[in-house]
Colleague: 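This is the structure I have questions about; it appears just below.
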Amino acid sequence: METVGQEVPLEHYIMLSAILFTIGVYGVLARRNAVIILMSVELMLNAVSINMVAFAVYTAPSLFAGIIFAIFIIAIAAAEVGLALAIVLRVFKNRGTANVDEIDSLKW
Amino acid sequence: MDEAWVLPLLPAAGFVFLLLLSPWLPRRGDWVAIGLMTATFVMACLVGVDMAREIGDAGVGNFVPVTDSRQWLEVPGYIEIRMGYFVDQITLVMLLVVSFISLLVLIYSTGYMRGDRRYGWFFAVISLFSASMLTLVIADNLLLLYFGWELVGLCSMILIGHYNDRQSAAEAAKKAFVTTRVGDVGLLIGIIILFTQTGTFNIQDTLHAAEEGEIAREWLTAAAVLIFAGACGKSAQFPLHVWLPDAMEGPTPVSALIHAATMVVAGVYLVARMLPLLEVVRGMPELITAIALTTTVLSALIGLTQRDIKRVVAYSTLNSLGLMFVALGSGAVGAAMLYLFCHAFFKALLFLACGSVIHATEQQEVDKLGGLWAKMSITAPAFIIGALAMAGLFPLSGYWAKDEILVGVDHGHLHDIVLWVTFATLPVTALYMMRLVMLTFFGKPRDEHVYEHAHESEPVMSWPLILLAAFAVVSGFVVFEGVGEALGFHSGWLGFVYNLAEGPEEFHVDWAISIASVALVVLGLAAGGWFWRGDAEPARRAAAFSPATYRLLYNRFYIDEVYQAAINYVVLAVSSIVAWFDRSVVNDSGVNGTAEATGFFGWLGKFPQTGKVPNYALAIVTGVLVLAIVAFGYRT
């Protein structure tokens with residue numbers, strides 16, 4: 001019996017999630033602007049959330065574990081972005097740049 | 001008598017109570033210690049009454065010691081260790097002496113120690129001291145005895161070093177602890193040997209096994225020698241006697257306690273208790289007697305020249321302990337315990353009287369005292385009674401006890417020379433006791449300022465003196481059967497405390513020995529009175545007769561110096577090698593080496609830390625990829 005959300009095959013969700021995740025990884029590694037990097041991290045988190053929800057629907061539809069997990073990820077991601085943006089803002093105010101290559105004083 | 005096990009617990013409870021609460025109690029809680037000690041003494045008396053009644057019922061010689069024990073530790077199928085108490089006549093004597101002297105010392109201390117910085121602590125430790133000694137004497141097994149033994153050593157160290165802002169007191173405390181430790185190690189090894197041979201710590205079972213010859217001869221000899229070594233350390237017998245004269249650095253009441261009741265007599269008690277085992281070993285009585293005679297002779301000679309009033313009394317204790325061990329070596333347990341009993345009174349009296357003099361004059365050099373008879377109307381007669389009892393003048397207690405020892409030696413199986421040497425020390429003892437009396441209380445005051453300052457002590461200090469003086473006079477009369485019967489024991493001392501192998505004895509006077517000993521004592525006293533009369537001019541001439549001898553005696557035969565040299569050249573040399581190993585191998589290579597190695601690898605490891613976010617991100621991604629590949633590889 002098909003349930004809600006199972007109209008599309010599972011593979012499609014996974015593909016979407018993988019593509020989003022890879023774009024996020026690429027963004028984190030390739031871009032130098034701290035704000036862009038943060039956005040890329042958000043992409044990765046969302047990719048994971050999609051994965052969770054998809055698996056939840058396909059494997060254990062009566063349990064909402066995966067879906068609740070996704071909600072947690074969204075909440076934590078929001079908090080994390082708030083924190084990270086605040087840091088980026090302070091760094092930009094102090095140093096006049098948000099380029100992560102130039103922010104390297106925390107080293108040996 | 002079944003409740004005798006409570007006795008050590010009362011002062012022990014006092015110790016814990018004072019330790020926790022003393023600062024918040026009125027008078028720092030000295031009344032707690034005194035109250036509990038009074039209860040202890042009363043209980044000890046009740047034990048005595050019980051025992052007297054049982055002896056009355058059963059008849060002398062049929063009395064069975066009271067003993068009971070509980071399991072303390074068990075390894076099933078291997079060992080069972082029991083803890084319990086054992087009360088016989090020797091125990092009873094010790095219980096009475098310890099609790100009575102402790103009580104008087106506590107009362108006296110309320111005057112002597114008034115205003116002391118650590119007043120409450122002092123009373124707490126004295127309570128623990130008595131509790132440990134009571135544990136030691138009431139124990140039915142060697143393990144519990146050893147616990148008490150070590151606690152006694154610990155308390156003596158704490159109390160000798162009570163004035164811990166004085167370098168000499170700290171040194172004396174250390175010396176007492178380390179010197180007695182030498183003997184204690186011997187005792188511990190001896191106990192372990194006996195345990196491995198018999199499988200029990202119980203004293204009576206061990207003695208029985210030794211008498212039945214169930215212990216291998218070599219092991220028994222080793223154990224006997226080691227146990228005697230322990231007794232030597234605690235009872236300050238040559239060559240471990242050096243700590244006792246220095247122990248007078250402690251407050252005077254502590255000296256009285258250590259010398260009369262709680263510390264040095266522990267060795268006498270141990271040897272008296274283990275005598276059936278020691279006597280089985282061939283040569284052991286001779287060894288005990290030889291060491292005891294050496295101690296007696298040395299201390300009597302040294303006592304002649306010392307200038308510190310307490311130090312002379314300390315040497316007189318060595319002298320007395322030597323006599324007790326001579327008696328034990330001859331097998332005269334009753335005589336040794338009688339001397340211990342009487343000695344407790346007159347030695348506590350001597351020390352407390354010394355303390356009274358020191359308290360009044362703040363001076364303990366006899367060269368600066370003199371003429372105090374007029375100023376101290378209680379202390380002076382009390383001290384003189386103590387000194388005469390110590391010298392052994394008829395009819396004071398010292399006389400009866402000493403004569404019993406002489407009779408015991410005479411009846412013993414040892415060579416006659418023991419008797420002659422013992423006789424020879426009697427006039428010397430009388431001589432130096434008389435010297436002390438003459439220099440302290442008679443003659444012209446040698447220091448006017450000290451003399452002006454002197455005054456009689458307050459009642460709380462003089463009453464214990466009066467009481468002890470009375471006992472120093474009469475305690476010897478317990479040898480008479482009439483006195484024993486009046487007290488309810490149905491016999492005199494010798495029928496009450498006796499060598500189990502030989503059974504109870506009847507008291508009789510050996511006229512030859514009595515007359516000879518009294519004559520020698522009177523001779524010594526008269527000579528002392530003549531030598532140190534007035535300005536002590538004859539004594540000075542006698543000292544000038546042979547300055548080398550005088551220096552040898554004054555410097556205590558240089559025994560301390562020899563030990564110090566041995567420590568400097570042997571102990572410290574070995575220690576410096578150990579110290580070098582500790583510093584260079586353990587510390588520099590081991591400890592610091594570990595730290596330096598950690599530091600080096602930390603230094604190496606810091607370089608990947610670039611501080612650039614993309615580098616860390618790349619590392620994370622790479623790590624995840626590697627993990628993913630590994631996990632994938634495992635799955636297929």
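To find a chain, count down the sequence lines: A is the first, B the second, and so on, and within it residues start at 1. All of these numbers come straight from a predicted model, not from anything done at the bench.
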Colleague: Counting only heavy atoms not in Phe69(A), do more than 12 fall under 6.0 Å of its CZ?
Modeller: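 At most 12 heavy atoms, drawn from other residues, nucleotides or ligands, come within 6.0 Å of this atom.
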
Colleague: Please flag which part of Arg32(A) lies under 4.5 Å from any non-hydrogen atom of chain B: side chain, backbone, both or neither.
Modeller: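 Contact with chain B is through the side chain of Arg32(A) alone.
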
Colleague: Give a yes or no on whether Tyr616(B) atom OH has more than 12 heavy-atom contacts from other residues, nucleotides or ligands under 6.0 Å away.
Modeller: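 Yes, because the 6.0 Å sphere around OH of Tyr616(B) holds more than 12 heavy atoms from other groups.
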
Colleague: Determine the minimum heavy-atom distance between Ala617(B) and Leu29(A), stating which atoms define it.
Modeller: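 Scanning both residues, the minimum pair turns out to be C-CD2, 3.8 Å.
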
Colleague: Tell me which one of Leu625(B), Val624(B), Val621(B) satisfies side-chain contact (heavy atoms from CB on, under 4.5 Å) with Val25(A).
Modeller: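 Going through the options one by one, the only one that passes is Val621(B).
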
Colleague: Count the heavy atoms of every other residue, nucleotide or ligand shown that sit under 6.0 Å from CE of Met39(A), and state whether that count exceeds 12.
Modeller: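 For Met39(A), atom CE is not crowded (no more than 12 foreign heavy atoms under 6.0 Å).
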
Colleague: Heavy-atom count around Arg31(A) CZ within 6.0 Å, excluding the residue itself: above 12?
Modeller: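 No, because the 6.0 Å sphere around CZ of Arg31(A) holds 12 heavy atoms or fewer from other groups.
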
Colleague: Looking at every non-hydrogen atom in both residues, tell me the closest pair between Lys612(B) and Asp104(A) and how far apart they are.
Modeller: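 Result for this residue pair: NZ-OD2, 3.1 Å.
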
